[in-house]
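First comes the structure, then the notes that go with it.
Each ligand, and each atom within it, is numbered from 1 in the order the structure gives. Quick caveat, the model's predicted, so the values are computed rather than measured. FYI, the numbering just counts along the sequence from 1.
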Amino acid sequence: MDKIIVRGGNKLNGTVKVEGAKNAVLPVIAASLLASNGKSIIRDVPALSDVYTINEVLRYLNAEVTFENNTVHIDASSELTEEAPFEYVRKMRASVLVMGSLLARLGRARVALPGGCAIGSRPIDQHLKGFEAMGAVVKVGNGFIDAQVSGRLKGAKIYLDIPSVGATENIMMAATLAEGTTIIENCAKEPEIVDLANYLTEMGAIVKGAGTETIRIEGVESLHGADHTIIPDRIEAGTFITAAAITGGNVYVKGAVPEHISSLIAKLEEMGVTFIEEKDGLRVIGPEKLKAVDIKTMPYPGFPTDMQAQVMALLLRAQGTSMITETVFENRFMHVEEFRRMNADIKIEGRSVIINGPSNLQGAEVGATDLRAGAALIIAGLAADGITKVTELKHIDRGYVNFHGKLAALGADIERITEEEQVEETILVSKIAANMK
Ligand SMILES: CC(=O)N[C@H]1[C@@H](OP(=O)(O)OP(=O)(O)OC[C@H]2O[C@@H](n3ccc(=O)[nH]c3=O)[C@H](O)[C@@H]2O)O[C@H](CO)[C@@H](O)[C@@H]1O
Ligand SMILES: C=C(OP(=O)(O)O)C(=O)O
């Protein structure tokens, strides 16, 4: 098992470039299945394990996919198959996003039930409610969701009980080839929804209102491949901003789009962090001392749940008492116990976490309990005394390209060691010990 090893204490300085957004590219690749003619070219695609997984899903479904130099080429014009098996959905829940495209294109889709994960039970009832409203018959059994429609899906008015990102995306994709008009109310407004709508439009779909709480889609007969560039990853940008801030550093985050992270910027400014908008990005300057604040996660444009763990790391170093309330996911506090291993004064009260800062963070061996928790533990390690070793890196690899390398380039004392290197190190240490006897 690989480990990331951080020695805390260095201030971050320099420039870091943000990759294309994981949460935009996954639905965009899934949407490529809608193109019955022509090839799609998707640019600025990050080399993440989640991207390799969704590409594998598409290949399994009989699309031709290549991925080189941050560009994915997709040809989905051959006859597709309808089943996404558990081995993919287990690796990555977002595999469920192929369902809308398959149902629209083939009139049927069979996708393994995603189940829960480390951050909560994550049901997909709103996705299925949308498909049913469009005329699909949905059955759940033997670990699969089967959806079928005779003829084409029919446009419908769908009110989401929760502004679910995935449900909005899945229903948008399904609606592009439906007969008539679909209106999705109380939908998600994330920048990734707008990116998907832009891609669908480039493919020949008629989508209006993305980025607002009502999206209207006029179904068309068919869609074609398109050439699309993915938006920058606002969560990766926010993660580097938080890392710079905790070290009192000065970092230019190239590619950060301030409007996509305005809630994060506002909270960090309250904490004493300075931001300067520069051409093509954002400079962040960490203060000598951070101030405590209260934060509540909300759907966009509220404070993103995907930044909750990283900002929790920052608040551990703030003067005074802070409270973070998680309203999006029911169980996204697994990192709290790991922070405690690093001497954090922190406790969970229901859906909130109370932080008594500043904690004198100490390096420890900790496990990445999920993707953002992993990043957060490394951020805490940057400000801790001594050595922090982070394991379970498969989570981090889902969402960050060369995370340790980018931090090292900014001046962090950080390295990633492979399992083989750890074995060699153990052998070396025992040889030295034997020689000393
Ligand atoms: C690949 C991707 O884009 N992932 C993002 C997406 O996940 P994802 O699309 O899974 O998140 P959702 O917006 O759907 O989920 C938000 C909340 O709604 C609940 N829910 C969702 C659907 C449903 O049918 N029923 C239901 O109850 C979920 O359990 C969760 O509590 O948005 C989340 C919220 O911003 C982010 O944290 C994830 O990084
Ligand atoms: C929760 C996340 O992703 P996913 O929905 O893919 O699990 C995330 O990106 O923080």
Are the side chain of Thr327 and the backbone of Thr297 linked by a donor-acceptor contact shorter than 3.5 Å?
yes

Ligand 1 to Ile162, heavy atom cutoff 4.0 Å, flagged ligand atoms 18 (O), 19 (C), 20 (N), 26 (C), 27 (O)

Considering only non-hydrogen protein atoms, determine which one is nearest to atom 8 (P) of ligand 1 and report residue, atom name and distance to 0.1 Å.
Arg122 NH2, 3.7 Å

Check this for me - ligand 1, Pro123, N or O atoms closer than 3.5 angstrom, yes or no?
yes

Starting from atom 38 (C) of ligand 1, find the nearest protein heavy-atom neighbour and note its residue, name and distance.
Asp306 OD2, 3.5 Å

Nitrogen or oxygen of Thr305 less than 3.5 angstrom from that of ligand 1
no

Ligand 1 atoms in contact with Asp125 (distance to a heavy atom under 4.0 Å)
23 (C), 24 (O), 25 (N), 26 (C), 27 (O)

By number and element, which atoms of ligand 1 are closer than 4.0 Å to a non-hydrogen atom of His127?
24 (O)

Looking at Lys3 and Glu365, is there a salt bridge between them, counting it only when a charged N and a carboxylate O are closer than 4.0 Å?
yes

Could you list the atoms of ligand 1 found under 4.0 angstrom from a heavy atom of Gly166?
9 (O), 14 (O)

Verify the ring-centre separation between Phe240 and Tyr400: is it less than 6.0 angstrom?
no

Does an N or O anywhere in Glu330 fall below 3.5 Å from an N or O of ligand 1?
no

Which of the ligand 1 atoms, numbered from 1, are nearer than 4.0 Å to a heavy atom of Val165:
6 (C), 9 (O), 12 (P), 13 (O), 14 (O), 32 (O)

How far is atom 24 (O) of ligand 1 from its nearest protein heavy atom, and which residue and atom name does that atom have?
Gln126 N, 2.7 Å

Would one find an N or O of Ala167, backbone or side chain, under 3.5 Å from an N or O of ligand 1?
no

Apply side chain to side chain contact (heavy atoms under 4.5 Å, CB included) to residues Val293 and Leu315 and explain how you reach the verdict.
CA-CA 8 Å; Val293 293; Leu315 286 174; 3.8 Å; yes

Salt bridge present between Lys267 and Glu270 (N-O < 4.0 angstrom)
yes

Could you list the atoms of ligand 1 found under 4.0 angstrom from a heavy atom of Arg332?
37 (O)

Would you check the N or O atoms of Ala94, main chain and side chain alike, for any that come under 3.5 Å of an N or O of ligand 1?
no

Please say whether Glu169 places an N or O atom under 3.5 Å from an N or O atom belonging to ligand 1.
no

For the residue pair Ser164 and Gln126, confirm or rule out a side-chain donor-acceptor distance under 3.5 Å.
no

Ala174 meets the side chain to side chain contact (heavy atoms under 4.5 Å, CB included) criterion, sequence neighbours left out, with Phe131, Met134, Leu153

Ranked by distance from atom 14 (O) of ligand 1, the top protein heavy atom is Ser164 OG, 2.6 Å

4.0 Å heavy-atom contact, Arg372 with ligand 1:
no

Closest protein heavy atom to atom 11 (O) of ligand 1, given as residue, atom name and distance to 0.1 Å:
Phe329 CZ, 4.1 Å

With sequence neighbours left out, what residues match Lys347 under side chain to side chain donor-acceptor pair (under 3.5 Å)?
none

I'd like to know whether Ile354 forms a side chain to side chain contact (heavy atoms under 4.5 Å, CB included) with Thr321, so could you lay out the CA-CA distance, the side-chain angles of the two residues, the decisive distance to 0.1 Å, and finally the verdict.
CA-CA 7 Å; Ile354 315 291; Thr321 303; 3.7 Å; yes

Donor-acceptor contact present, side-chain Thr71 to main-chain Asn69, <3.5 Å
yes

List every atom of ligand 1 that sits less than 4.0 Å from any heavy atom of Val328, numbering the atoms from 1 in the order shown and giving each element.
16 (C), 17 (C), 30 (C), 31 (O)

Please list the nearest protein heavy atom to atom 1 (C) of ligand 1 with its residue and the distance rounded to 0.1 Å.
Asn23 OD1, 3.3 Å

Can you label the angle between the Phe339 ring and the His335 ring as parallel, tilted or perpendicular, going by 30° and 60°?
perpendicular

Taking the side chain from Thr325 and the backbone from Ser352, do they hold a donor-acceptor pair closer than 3.5 Å?
no

Is there a side chain to side chain contact (heavy atoms under 4.5 Å, CB included) between Phe144 and Val140 once you walk through the steps?
CA-CA 6 Å; Phe144 273 86; Val140 180; over 6 Å; no

So, Arg216 and Glu185, do they make that salt bridge, N to O below 4.0 Å?
no

Sequence neighbours excluded and cut-off under 3.5 Å, please list the side-chain donor-acceptor pairs for residues 110-118, or say none.
{"residue": "Arg110", "atom": "NE", "partner": "Glu83", "partner atom": "OE1", "Å": "2.9"}
{"residue": "Arg110", "atom": "NH1", "partner": "Asp146", "partner atom": "OD2", "Å": "3.0"}

Nitrogen or oxygen contacts under 3.5 Å, ligand 2 side and protein side:
{"residue": "ligand 2", "atom": "3 (O)", "partner": "Lys22", "partner atom": "NZ", "Å": "3.0"}
{"residue": "ligand 2", "atom": "5 (O)", "partner": "Arg122", "partner atom": "NH2", "Å": "2.7"}
{"residue": "ligand 2", "atom": "6 (O)", "partner": "Lys22", "partner atom": "NZ", "Å": "3.0"}
{"residue": "ligand 2", "atom": "6 (O)", "partner": "Arg398", "partner atom": "NH2", "Å": "2.5"}
{"residue": "ligand 2", "atom": "7 (O)", "partner": "Arg122", "partner atom": "NH1", "Å": "3.0"}
{"residue": "ligand 2", "atom": "7 (O)", "partner": "Arg398", "partner atom": "NH2", "Å": "3.2"}
{"residue": "ligand 2", "atom": "9 (O)", "partner": "Lys22", "partner atom": "NZ", "Å": "2.9"}
{"residue": "ligand 2", "atom": "9 (O)", "partner": "Arg372", "partner atom": "NE", "Å": "3.4"}
{"residue": "ligand 2", "atom": "9 (O)", "partner": "Arg372", "partner atom": "NH2", "Å": "2.7"}
{"residue": "ligand 2", "atom": "10 (O)", "partner": "Asp306", "partner atom": "OD1", "Å": "3.2"}
{"residue": "ligand 2", "atom": "10 (O)", "partner": "Arg332", "partner atom": "NH2", "Å": "3.0"}
{"residue": "ligand 2", "atom": "10 (O)", "partner": "Arg372", "partner atom": "NE", "Å": "2.8"}

Looking only at heavy atoms, the pair that brings Ile145 and Met99 closest together is CG2-CE, 3.5 Å

